[in-house]
Amino acid sequence: MAERIIPLVDQRLKALQPTIPARAVSPTGLLGDGLGRPLRDLRISVTDRCNFRCNYCMPKEVFNADYPYLPHSALLSFEEITRLAHLFVGHGVKKLRLTGGEPLLRKNLEILVAQLAQLRTPEGTPLDLTLTTNGALLARKAQALKDAGLNRVTVSLDGLDDAVFRRMNDVDFPVAEVLEGIDAARAVGLGADAQGRPSGIKINMVVKRTTNVEQILPMARHFRGTGMTLRFIEYMDVGSTNGWCMDDVLPSADVIRLLQTEFPMVPLEPSAPGETAQRWGYANAQGVHDPALGEVGVISSVTQAFCQDCNRARLSTEGKLYLCLFATQGYDLRELLRNGTSDADLSSAIAHIWQGRQDRYSELRGQGLLDTPSDGAGRKVEMSYIGG
Ligand code: SAM
Ligand code: SF4
Ligand code: SF4
């Protein structure tokens, strides 16, 4: 078995202190970062704990009984999350995604969903409110989440073969229960956009060359024509504990080539600016996309960086704002939340941070401009801490 690198420095302890700019930055919804990218998508991690131990994310050897998970008092409360989300929306955020860790482990999550569902953009439209889950608790929670106002779920599923799936989650969890969760989510209508129009549940499959490549075609067969969109994600060098190496990455181009051995497929236009997935549609006998058969997405985070359109910010479980999945440090917003800072100052501080953003890690790595898998300055934070 490959040697694991155990992080010696806990990245969560380091934080950047946000500054409140002397000149207030008003929430015009038009904020741009240092490279002109807008702020549209906020990913909120609601817990750093998980009931799975996917070895590309929370390897058992590191995330064991001795791992120092955050104490409850360190987590942002639902009120704190909602207050921050409201301020982010003022600066242009249109989509909120709850993640983790496993977000469905956070007690009473539907109360947070109900609070976030009340938020409106400055134009008065509801937000796109979504959640990414491993699906283990979805069958139990789907109805309550829907009732609370959640629009959509993305379910992570790395294979259909029970033995492969149990090995990948590394806690012997059966695939049948995740499939039941997906059925429950469909049955209650957790596949809609912000306006309530059907947009389909998304299924995310991380492809690791050594583990689940042979699951690609069975997954495609299973989800084709169901109205659900299967998305293949390149295994990424996030965090510092998963022992990532390039040999484990199957490039998206190879995934598409493999799919084309069985299904005719045609490239589709992006459905929104800043969309992370490239879309491919299943084609009919005439070689034309057949919407009834649906589509797949490929997320080529390693082989084809999409930093130039990256409009995502990430809020960690304890309220640090990260500007990139590969960042080594976040800005401590919790300190401002808890020291009596006014909404106007907090909002200006958020804007100031975004305006200074220059991050484009994958692009630089792709151009060979990074010496080490991180930026050389330190270890990257774990995906389970800032959310995917
Ligand atoms: N526990 C939830 C789940 O698995 O859906 C939400 C959090 S998880 C960190 C979010 C997403 O990140 C999942 O789709 C997961 O597969 C993906 N992910 C985690 N580690 C990854 C890695 N090293 N490369 C690519 N995707 C990864
Ligand atoms: Fe848990 Fe999701 Fe990470 Fe798997 S990918 S260990 S389910 S947080
Ligand atoms: Fe965005 Fe960072 Fe990923 Fe580039 S590497 S797409 S900036 S999160």
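Order of appearance sets the numbers: ligands from 1, and atoms from 1 within every ligand.
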Student: Which of the numbered atoms in ligand 2 are below 4.0 angstrom from a heavy atom of Cys54?
Tutor: 4 (Fe), 5 (S), 6 (S), 7 (S)

Student: Minimum distance, heavy atoms only, to atom 1 (N) of ligand 1: which one of Ala136, Cys57, Cys54, Gly101 is it?
Tutor: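 The residue whose heavy atom sits nearest atom 1 (N) of ligand 1 is Gly101.
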
Student: For Thr132 and Arg97, run side chain to side chain donor-acceptor pair (under 3.5 Å): C-alpha distance rounded to whole Å, both residues' side-chain angles, the deciding distance at 0.1 Å, then the answer.
Tutor: CA-CA 7 Å; Thr132 304; Arg97 176 175 295 281; 2.8 Å; yes

Student: Is the closest heavy atom of Glu234 to ligand 1 under 4.0 Å?
Tutor: yes

Student: With a heavy-atom distance limit of 4.0 Å, tell me whether Thr132 approaches ligand 1 through its side chain, its backbone, both, or neither.
Tutor: both

Student: With heavy atoms of Phe326 as the reference, note each atom of ligand 3 found under 4.0 Å away.
Tutor: 5 (S)

Student: Quick test: of every protein heavy atom, which one is nearest to atom 3 (Fe) of ligand 2, and how far off is it to 0.1 Å?
Tutor: Cys57 SG, 2.4 Å

Student: To check your reading of the model: name the closest protein heavy atom to atom 2 (Fe) of ligand 3, its residue, and the distance in Å.
Tutor: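 Ranking protein heavy atoms by distance from atom 2 (Fe) of ligand 3, first comes Cys324 SG, 2.3 Å.
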
Student: Answer whether the closest heavy-atom distance between the side chains of Leu259 and Phe232 falls below 4.5 Å.
Tutor: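 When only atoms from C-beta onward are counted, Phe232 and Leu259 do touch, with a gap below 4.5 Å.
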
Student: Which of the atoms of ligand 3 are close to Phe306, meaning less than 4.0 Å from one of its heavy atoms?
Tutor: 6 (S)

Student: Between Ser156 and ligand 1, is there a nitrogen or oxygen pair with a distance under 3.5 Å?
Tutor: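 In this structure, Ser156 places an N or O atom under 3.5 Å from an N or O of ligand 1.
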
Student: What atoms of ligand 1 come closer than 4.0 angstrom to any heavy atom of Thr99?
Tutor: 6 (C), 7 (C)

Student: Number the atoms of ligand 3 from 1 as they appear, then name those within less than 4.0 Å of a heavy atom of Ser362, with their elements.
Tutor: 5 (S)

Student: Between Thr133 and ligand 1, find which residue part has any heavy-atom pair under 4.0 Å and reply side chain, backbone, both or neither.
Tutor: backbone

Student: Can you pull out the closest protein heavy atom to atom 7 (S) of ligand 3? Residue, atom name and distance to 0.1 Å, please.
Tutor: Asp359 O, 3.6 Å

Student: Tell me whether ligand 3 is touched by Arg312 - counting only heavy atoms on the residue side and a distance under 4.0 Å.
Tutor: yes

Student: Do you know the tightest heavy-atom contact between Val302 and Glu234?
Tutor: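 Closest heavy-atom pair between Val302 and Glu234: N-OE1, 2.9 Å.
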
Student: Is it true that Asp343 and Arg83 have a side-chain N and a carboxylate O under 4.0 angstrom from each other?
Tutor: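 Result for this pair is yes, salt bridge flagged.
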
Student: Could you tell me which atoms of ligand 2, counted from 1 in the order shown, lie closer than 4.0 angstrom to a heavy atom of Phe52?
Tutor: 6 (S), 7 (S)

Student: Between Tyr282, Phe223, Trp280, which is the residue that forms a ring pair (Phe, Tyr, Trp, His ring centres under 6.0 Å) with Phe263?
Tutor: Tyr282

Student: May I ask you to test the Thr130-Lys202 pair for a side-chain heavy-atom distance under 4.5 Å?
Tutor: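 A side-chain contact is absent here, since even the closest heavy-atom pair is not under 4.5 Å.
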
Student: Which atom pair, heavy atoms only, marks the closest approach of Arg106 to Val46?
Tutor: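 Closest pair (atom of Arg106, atom of Val46, distance): NH1-O, 2.9 Å.
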
Student: Is there a heavy atom in Gly101 that sits closer than 4.0 Å to ligand 2?
Tutor: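 The answer is yes, since Gly101 has a heavy atom less than 4.0 Å from ligand 2.
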
Student: Would you say that Tyr331 contacts Leu323 through its side chain, given a criterion of any heavy-atom pair below 4.5 Å between the two side chains?
Tutor: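 When only atoms from C-beta onward are counted, Leu323 and Tyr331 do touch, with a gap below 4.5 Å.
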
Student: Tell me, please, if Cys307 has any N/O/S atom, main chain or side chain, under 2.8 Å from atom 1 (Fe) of ligand 3?
Tutor: no

Student: With atoms numbered from 1 as shown, which atoms in ligand 1 lie under 4.0 angstrom from a non-hydrogen atom of Gly100?
Tutor: 7 (C), 9 (C)

Student: Quick one: which ligand 1 atoms are inside 4.0 Å of a heavy atom on Glu102?
Tutor: 1 (N), 2 (C)

Student: Out of all atoms in ligand 1, which are within 4.0 Å of some heavy atom of Tyr235? Include the element for each.
Tutor: 23 (N), 24 (N)

Student: May I ask you to decide whether Asp183 forms a salt bridge with Arg186, counting only side-chain N to carboxylate O separations under 4.0 Å?
Tutor: no

Student: Taking the side chain as C-beta and beyond, is there a heavy-atom pair between Met219 and Asn212 under 4.5 Å?
Tutor: no

Student: Establish, from distance only, whether the side-chain atoms of Arg312 and Thr276 form a donor-acceptor pair under 3.5 Å.
Tutor: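 No donor-acceptor contact under 3.5 Å links the two side chains.
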
Student: Taking 4.0 angstrom as the limit and counting only heavy atoms of Asn204, give me the atoms of ligand 1 inside it, by number and element.
Tutor: 14 (O)

Student: Side-chain contact test, heavy atoms from C-beta onward, threshold under 4.5 Å: evaluate it for His289 versus Pro267 and give yes or no.
Tutor: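 Not in contact.
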
Student: Just need the protein heavy atom nearest to atom 1 (Fe) of ligand 3, so name the residue and atom and give the distance.
Tutor: Cys310 SG, 2.4 Å

Student: Numbering the atoms of ligand 1 from 1, which are under 4.0 Å from a heavy atom of Asn134?
Tutor: 2 (C), 3 (C), 5 (O)

Student: As a quick check of understanding, evaluate side-chain contact (heavy atoms from CB on, under 4.5 Å) for Asn134 and Asn169, giving each step before the final call.
Tutor: CA-CA 9 Å; Asn134 62 27; Asn169 64 54; over 6 Å; no

Student: Do the side chains of Arg221 and Leu217 get nearer than 4.5 Å, heavy atoms only?
Tutor: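 Side-chain contact under 4.5 Å: yes.
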
Student: Among all protein non-hydrogen atoms, which one is nearest to atom 8 (S) of ligand 3, and what is the separation to 0.1 Å?
Tutor: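 Protein heavy atom with the smallest distance to atom 8 (S) of ligand 3: Leu325 N, 3.3 Å.
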
